[in-house]
Enquirer: 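Please see the structure below; I have some questions.
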Amino acid sequence: MDPFILKDKEYFHLPDWVRKSPDLAVGFTTKNGGLSQGKLDSLNMGFHVNDRTNNVCENRQIVAQKLGFPTDHWVGAEQTHEVNIKTISSTDKGKGGNDYESAFSRTDGFITFERGILLTLCYADCVPIYFLHPQSKAIGVAHAGWKGTVGGIAQKMIQNFQFYGIHPSEILVAIGPSICENCYIVDDYVINLVQNRLEGVESKPYKEVSPNQYALNLKECNKEILISAGVLRENILVTQLCTSCSKDYFYSHRRDQGSTGRMISFIGWKEANF
Ligand SMILES: [Zn+2]
């Protein structure tokens, strides 16, 4: 069974982690159940894709209510496909939750140890990577398109946890809905960077489909990077859900030719009184 299960029409969740940690909200939104129109029909969560700000705010309220996590407890980012990671504390609550201006600039990964904060990042094909260290309650999430992947954001997240004294072998990781290899054809330029990042890794997460054209499995690529960084293979869950194949559930930047909405990944500890 896939680790990501549709919980409500608005989102998938991760039952394996929620079973172990019932006060954890973790999942990935769909494109359904919101107010946005046209190409953004209908649960667009991105402020930066020419939607009406009111629609995005209303869509976020819909998700906030479903999760029991108010938007003034969310944090969000201006994502730039780099490998900058921020550690979030309670004074950051609400930044990027209700507007784009207060979001963290140039940030593609979040970590927190605190309750009552929902870490969110936006996607339309890129890979969401979730992190959980049950012992310390440290959580994190990262955004890895091909640039973030070959830049090593997955490894950098693990290094950040290590900085806080957390051993990689104790970290649970989940890789969420994102583009599959059949839908993601890239050229030599990208594959060379993938090869550099995966130096010493035996299995290659791509195959040549025509001259200078390769089907790249970004989920597997990140999985191998995580294993190289010390995460145990058995601690990594990987969904089969593809944002491009699953037109009924997701926006896809590639499929929709650049003009589309955004889903969010989310992870946060609910406060005791929820
Ligand atoms: Zn696909």
Side-chain angles (χ1 to χ4, degrees), residues 1-7 9-16 26-34 36 39-46 49 79 81 108 121-130 141-151 153-154 173-191 193-195 197-198 201 203-226 236-266:
M1 212 203 315
D2 198 276
F4 281 76
I5 302 290
L6 193 65
K7 169 76 172 168
K9 71 172 178 293
E10 294 85 359
Y11 71 101
F12 285 80
H13 76 151
L14 196 46
D16 188 67
V26 57
F28 193 77
T29 59
T30 69
K31 66 173 190 179
N32 301 319
S36 304
K39 288 174 176 173
L40 304 177
D41 181 10
S42 63
L43 192 66
N44 168 46
M45 303 297 279
V49 291
Q79 301 160 221
H81 298 277
D108 288 88
L121 290 170
C122 285
Y123 304 80
D125 289 340
C126 294
V127 183
I129 314 176
Y130 304 76
V141 69
H143 162 251
W146 73 262
K147 284 184 192 166
T149 300
V150 301
I153 195 165
V173 180
I175 296 177
S178 39
I179 198 160
C180 80
E181 70 270 34
N182 297 324
C183 297
Y184 198 55
I185 308 302
V186 300
D187 61 14
D188 274 340
Y189 177 77
V190 173
I191 291 302
L193 294 168
V194 169
Q195 279 174 329
R197 172 55 59 184
L198 292 180
V201 174
S203 68
K204 299 296 177 205
Y206 54 84
K207 57 175 185 286
E208 192 166 13
V209 290
S210 61
N212 192 25
Q213 297 286 293
Y214 302 82
L216 173 60
N217 187 330
L218 274 181
K219 293 174 198 167
E220 282 303 311
C221 190
N222 279 289
K223 183 176 179 178
E224 292 301 330
I225 290 167
L226 288 158
I236 306 175
L237 300 171
V238 184
T239 185
Q240 293 306 307
L241 288 165
C242 166
T243 44
S244 173
C245 291
S246 299
K247 203 174 178 17
D248 291 344
Y249 293 122
F250 303 120
Y251 303 112
S252 167
H253 191 266
R254 242 192 206 211
R255 185 195 65 217
D256 304 336
Q257 296 169 328
S259 179
T260 196
R262 294 292 182 274
M263 291 77 68
I264 56 165
S265 65
F266 58 86

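In each ligand, atom 1 is the first atom listed, and ligand 1 is the first ligand listed.
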Enquirer: Counting the benzene-type ring for Trp, do Phe12 and Phe250 have ring centres under 6.0 Å apart?
Expert: yes

Enquirer: For Thr239, which of Pro128, Ser178, Pro177 qualifies under side chain to side chain contact (heavy atoms under 4.5 Å, CB included)?
Expert: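 Of all the options given, the one that passes is Pro177.
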
Enquirer: Over 60° means perpendicular and under 30° means parallel, so classify the ring planes of Tyr214 and Tyr206, tilted if in between.
Expert: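 Because their plane-to-plane angle is over 60°, the rings of Tyr206 and Tyr214 count as perpendicular.
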
Enquirer: Would you indicate whether Lys204, at its atom NZ, is surrounded by more than 12 heavy atoms from other residues, nucleotides or ligands within a distance under 6.0 Å?
Expert: yes

Enquirer: Compute the ring centroids of Tyr123 and Tyr251, then answer whether they are less than 6.0 Å apart.
Expert: no

Enquirer: Which protein N, O or S atoms does the Zn ion (ligand 1) have within a distance shorter than 2.8 Å?
Expert: Cys180 SG, Cys183 SG, Cys242 SG, Cys245 SG

Enquirer: Specify whether Tyr11 and Phe266 have parallel, tilted or perpendicular ring planes, treating 30° as the upper limit for parallel and 60° as the lower limit for perpendicular.
Expert: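 Perpendicular: the ring planes of Tyr11 and Phe266 meet at over 60°.
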
